[in-house]
Structure formats: C-alpha cells, structure tokens
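Chain identifiers are assigned alphabetically (A, B, ...) following the order of the sequence lines, protein sequences preceding nucleic acid strands; residue numbering begins at 1 within each chain. Source: prediction; values computed, not measured.
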Amino acid sequence: MSYLVLESLREKIAQALLSLGLGSSSGQVDFVVEPTREKRHGDFATNVAFLLARLLKRPPREVAQNLKELLEPLLSDMARVEVAGGGFINFTLKDAFLLELLQRVLEEDERFGEVDVGKGVRIQVEFVSVNPTGPLHVGHGKCAAFGDALARILAKAGFAVEKEYYINDAGKQIELLGASLEARFRQILGEDVDVPEGGYRGEYLVDIARELLRERGAEVLGLPEEERNKLFREYAVEKILAQIRKDLDDFRVFFDVWFSERSLYEKGEVDYVLSLLQEKGYTYEQDGALWLKTTLWGDDKDRVLIRENGAPTYFASDIAYHWNKWKRGFERVIDIWGADHHGYIPRMHAAMRALGLPEDFLEIFIVQFVTLLRGGQPERMSTRQGEFVPLRSLIDEVGVDAARYYFLMRDPETHLEFDVEEAKRQSMDNPVYYVQYAHARIVSVFREAQKRAIQWVPFHEALGFGFENEDERDIARAIVYFPEVVKQSALLRQPYLLCNYLHDLAGSFHSFYNLHRILDTENVPRMSFRLALCRLTQIVLRNALELLGISVPESM
RNA sequence: GCGCCCGUAGCUCAACAGGACAGAGCAACGGACUUCUAAUCCGUAGGUUGUGGGUUCGAUUCCCGCCGGGCGCGCCA
C-alpha cells in the first residue's frame, strides 16, 4: 500500500493531542492537515491550534507555540516545524524522507497510488442504465465517464467494485418501442401508418426496421398479435442495446453485469418485495391503487406501487431491484442518475428505509446537464440542451480522450459547458493534451537517451544524489502526494480532483523541463537524478490517466 | 408555489470539505526553440467572489432573506 503523507502527519498530531489529554478519540478537535498553497509556508499546514485555542481559551499563537514544541520531537520526518500567521503550524518534510518515499514509488510502480481506505468493502456502481429505446446522447456520456472513472478510483482505493447497467426492458415504454418499430416496418412495406402517439420517431428505428425486414421478411406481420408484439419489442431492444454497448465500448466503458428489469418480474422479485412492504405495514390502498408511505421518511407525498389497473409502477420494480442488490451482498451501492431524476431521490431513500436497509446503503449522485458549445455559441442541433446530440457524434468529433477528460474535469453535479471547438484543438487550450504531452515528453527524453547510448546511474541509486533546486523538489512533493488524491477522490466520489492534480503535476513537470536540462552528460549524477524524477513522474501520470480511462501516449 | 443544482477575472472553471495575499486555462499584450518534443515555458494585465444580513479568531465555503439562470414536481420511465 502506498504511503499517505497527510494521514501519517495527522495521526502524529492526534497522538500529541492525546498525550496532552486533549483531542481524544471523540474528535472534539476536528482539525485539518493540508498541503500549503504557498511554498514559504512549508509543505503542509494544520489549523489545530485555532481550534484548540477556543477550547483552552488561550490565544491561538500561544497554543501553536506550545504544540510545536511538543510535536517537534515526535516528527523525525520533518526538517522544520514552524508557527506562522495567526496560529498555523507549518511542516516541511526532510529531503531525505521525501527521497525515501520516492524510492517506494519506484518499487510500487504500477501499484503506486493503491490505498486501503475501502478495506475490501463490496460496492456496486450502477450507471448509464439508459432505457433501450434510443441511442446514447452526450448527457449519458457524462454519466458514463463519471461512473467508470469512479469505479476505477474506488478499486484503486481498496473497494471491491462491480459496475452494473440496469436494463429497463419492461413496462410501457418498451411496448411503445415495439409498436413504433412495427409502424416503421409497415411504412417500408408501403402501408400508410403512423408511429403511435408518444412513440419513438428517431431515424434509428427505420434502420432497424429495414434490418428486420431483411432478416425475417414481411411474413412476420402474419404472426398472431401477441407473438408479433413480442418479436418487434425484443428485436428493437436487442438492436438498440447492441448499439449502446458498442458506443460504451468505444468510450472505454465496460460493465461487469447487465441486469434486466424484466428478470425481476419473471423471478417474482417484484411481487416478493411488494408483499414484504405490505407485511411491514408501510403500504395502504387508496383510489384502487397500492401506495407506499414514503412520507414517513421525508418524501413530499406517498407514492404508488401498484396502479389502479393492477400494473406495478417503475418505482415498484426499482425497489425490487435495490433489494436484489442488497441480497447480492453489496454493502454499499452507488446510483448515478441524470438530473431529470432528482425528484426521485427522496422516495428511493424512503423505500430503502422501509425495507430496513442501512441508511448509508444507497448513495445517489445526480449528473447535471451538458450544454454543448461550438466556438462559444450553444450547439444548434437541439432547441433545448446539447444533451440530445448523440454521444457517438461527439466521440467521432473530439475523440475519446478529450471527451472523457472534459466530462471528468468538473464536479458532475454542476452544469457543464462543453466547447467542442476547444476540445478539438490540439493545442495548449486543451487540458487533456497538456497532461498527455507531459507523459509523451518524458518518454521522448528516454528515447533520446537511448538513441545517444547515454549511460546513467540506476534510479534507486541516483535518488541518493538528492535535490539540487526547488523545481526538482516540487515535483517530488507532488509525486508522493498522489495516494492522498486517490483517497480523497474515492471517499468524496470525485474523479475531478484527480484531473486537477494531474494538471498541477504536468504543470510542475513542464516548468521544470523548460528550466533545466535533463540529458546533461557533463554531470552524470545530476542527469541520473533527473532521469529518476522523470521516471517517477511518468509512473504517476500513467497511473492517474489510467484511473480516468484516458490513454497514455508514448509520443504525440 | 415547492424541492434540488448553480452564480468567483471578458469566457470556462479552481480554491484540497471553514483557513494565510481568491488561483489556472482561454481570450489580450510582451518575451523564450543552432541544445532532451514550443501541444511547452517565462512575464504583464485582468476581482467589491450576484446582493443584503448573520455565525466565527477567520466565510468564496456554513445559516437566513432577496435577485438571476438551469432542472424537477405523474397511478411516465
């Protein structure tokens, strides 16, 4: 497991507090340790003295001073512990310690960044789960990128992760889909019929109808109604799902499980869960329908489980679905939904409580809409949001890497303005290339070294030469911080923290590269040390990009 | 009307979960390739953090009101 710099420091401070009879495990002093923003404040800082000052009713500065004296002997890894500002305590790592950590990074290599905050907890991430009634659009792409990256990050952070796609292959919209396909089918055969009211009018159904005609011929219309409906329905779902899978594959998003809603009905799980809720006494009948008392857990109104016509609602099968997840042994499940579903959250949480599941079993994330811009102007393809632009066309236009990075670089719960023109530009305005370029540059340095048959001291030995300047040290500090970022993004479920980090790391490297010559055969120790730093930076860039599902180019 | 999200430089966004002087990129301007990839770097300029209160040693961050934008409020999924 990788070393967590902040966590270790925090623990030591907590220990010091305990020895003072303060702080304690009860956490009455909830202090932070964080990397400093400015170099002159050292590497890390804590606000513990401010919080303690309140408790002790002493000036923060004085508390900080006392604490510093107490801490110093405990912190053999620190070169300096200083009181600054109104009462901050700043820490500066010993170079020797930093170098020792770098050694570990070399050893851990592709495993660097693995942390054990997940402790093997089984967690499921369910995302995209688009109804198989039409192709994926750009908004789904954002959900896909987020869910996929989150799953990768959680795995790196020590969770046992499974990715799942829930196929809504039951219910009215699927009936409508089948009817829409049949209408297109008949149209091709020259019949004067229209797509049913509220049906699916997209061109893709015309293509599918043609395919069906080619495969099965016009005689399918002669089948008995029930059989015919089933055929059209299933054919449409199958074809559309295949297209969705293809799009997701190309977007480098893969699922462990494709779960069918229909199977819940077939196995009687919907009925079972309904009876379970009835037994618990959380349901009642009114207006001929069966209701769940979701208001018991804060929902605005109670919700219908079985309609007056006897058909279960989507809500009912969704409850069964989540019960099924629980029965499969997940300790925690994450649902990622589009913004138009946010009104659905309270009832879902209420249902979990009604089933008696732990409060933190279900986590729901809402992914806000994407607005596509083209040169600063909103995309015209839709009168509403750009999200109706197919994901496919975005991938074709800007590529997978740029698309994924743009989706991931922001908090998914905020609206995203995605400028297609900017994403396409292979230049400095494009953050994904900025990061990838750093990697390609490093590879190129090694390529050059090899070409010139340059000999250098092996990395682990070369690290012994130590830092020559602040620029080198800055990179080292950024490198050893990576595991903390993995931990943070996993616990906060925020892949974008990783993007910010990557951008910073790449920036430190680019600055360094422009300021200092690496391949300097006049000074072999220095060159060797710098090559070691390059390799280390390369390791982190690669590991981090992989967590985002973005390719790691050897040259650009 | 109610609920959720959002409001920071001309534009798109950060600010590490309440911390030090609010930072990047783009756009603008000025510099750096006979030397490891210039998709890069260095510098200049750009701000009453929508607004009014409150809590705090400290607020872009938390609370309340208002203004503006987005989304949702079905026995649809």
Side-chain angles (χ1 to χ4, degrees), chain A residues 6 32 34-38 40-41 45-47 50 53-54 59-61 84-88 90 131 133 168 170-174 176 198 261 287-291 300-301 303-309 311-315 317-318 338-346 366 368-369 371 373 376 385 409-411 413-419 422 425-434 436-438 440-449 451-452 454 481 484-485 488 492 494 496-497 500-501 503-504 506-507 509-515 517-520 527 530-531 534 555-556:
Chain A
L6 282 192
V32 244
E34 56 186 4
T36 56
R37 263 170 232 181
E38 284 183 66
R40 64 189 176 89
H41 294 143
T46 179
N47 65 344
F50 288 106
R54 186 172 308 170
R61 183 106 200 167
F88 289 96
N90 296 333
N131 293 350
T133 53
N168 298 129
K172 211 168 80 181
Q173 88 282 358
I174 293 297
L176 212 53
E261 178 187 6
D287 306 328
L290 184 72
W291 298 70
D300 296 339
K301 49 176 287 202
R303 306 292 172 175
V304 172
L305 293 169
I306 301 179
R307 302 180 188 106
E308 198 177 353
N309 67 11
T313 57
Y314 176 82
F315 182 44
S317 61
D318 217 11
D340 49 340
H341 286 64
H342 76 239
Y344 196 77
I345 296 173
I366 288 300
Q368 291 292 339
F369 292 109
T371 307
L373 300 178
Q385 298 295 328
M409 64 194 277
R410 303 278 138 74
D411 178 349
E413 300 209 350
T414 67
H415 302 266
L416 173 69
E417 304 226 351
F418 188 133
D419 196 316
E422 184 187 297
R425 252 177 286 166
Q426 298 200 356
S427 67
M428 57 175 119
D429 9 340
N430 193 323
V432 68
Y433 296 123
Y434 184 83
Q436 288 180 319
Y437 187 59
R441 243 182 174 173
I442 291 170
V443 174
S444 155
V445 171
F446 282 109
R447 204 182 291 125
E448 179 69 17
K451 201 173 89 190
R452 290 203 241 148
I454 290 174
Y481 193 60
E484 287 287 348
V485 182
Q488 282 279 318
L492 298 173
Q494 287 295 15
Y496 86 92
L497 296 175
N500 290 351
Y501 168 79
H503 197 267
D504 284 353
F509 181 77
H510 284 311
S511 292
F512 171 75
Y513 181 91
N514 275 277
L515 249 49
R517 183 145 192 89
I518 295 164
L519 296 180
D520 174 12
M527 174 181 73
R530 287 179 178 169
L531 282 171
C534 283
S555 67
M556 287 173 74

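The side-chain ring of A:His342 is not stacked on the base of B:G72, judged by centre separation under 5.5 angstrom and plane angle under 30 degrees.
Of the side-chain N and O atoms in A:Arg61, none sit less than 4.0 angstrom from OP1 or OP2 of B:C57. For the pair A:Arg37 and B:A24, the criterion of a side-chain N or O lying under 4.0 Å from OP1 or OP2 is not met. Here A:Ser511 does not reach the OP1 or OP2 of B:U40: none of its side-chain N or O atoms lies under 4.0 Å away. For A:Arg447, no side-chain nitrogen or oxygen approaches OP1 or OP2 of B:C36 to under 4.0 Å.
Across all strands shown, A:Glu484 has no heavy atoms under 4.0 Å from either base or sugar-phosphate atoms. Residue A:His510 is classed as a sugar-phosphate contact, given heavy-atom separations below 4.0 Å to backbone atoms only. Residue contacts for A:Tyr481: at a heavy-atom cut-off of 4.0 Å it reaches a base atom on one of the strands shown.
A:Ser317 and A:Glu261 form a side-chain donor-acceptor contact under 3.5 Å, judged by distance and modelled atom types alone.
Protein atom OH of A:Tyr434 is 15 Å distant from nucleotide atom C1' of B:U37, rounded to whole Å. Regarding A:Ile366, its CD1 atom lies at a distance of 15 Å from the C1' atom of B:C6, rounded to whole Å. Atom C1' of nucleotide B:U35 and atom CZ of A:Arg517 are separated by 5 Å, given to the nearest angstrom. Between A:Lys172 atom NZ and B:C75 atom P the separation is 11 Å, expressed in whole Å.
Side-chain atoms of A:His341 and base atoms of B:G72 include no donor and acceptor less than 3.5 Å apart. No hydrogens or angles were tested; on distance alone, a donor-acceptor pair under 3.5 Å links the side chain of A:Asn90 to the base of B:A20. Residue-to-nucleotide contacts include a donor-acceptor pair under 3.5 Å from the side chain of A:Arg40 to the base of B:C21.
Atom CG of A:Leu305 sits about 5.0 Å away from atom CG of A:Leu290, to the nearest 0.5 Å.
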Could you write out RNA chain B as a dot-bracket string, with dots for unpaired bases, | for bases paired across to another strand, and Watson-Crick or G-U pairs counted at under 3.5 Å? (((((((..((((.....[...)))).(((((.......))))).....(((((..]....))))))))))))....

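A:Glu448 meets the salt bridge (charged side-chain N to carboxylate O under 4.0 Å, His left out) test with A:Lys451, A:Arg452; sequence neighbours excluded.
Under the 6.0 Å distance and 45° angle rule, A:Arg441 counts as a cation-pi partner of A:Tyr513.
Of all nucleotides listed (B:C21, B:U37, B:G72), B:G72 comes nearest to the side chain of A:Asp340.
In B:C33 the base sits syn relative to the sugar, since the glycosidic angle is no further than 90° from 0.
No donor-acceptor pair closer than 3.5 Å links the side chain of A:Thr36 to the backbone N or O of A:Ala45.
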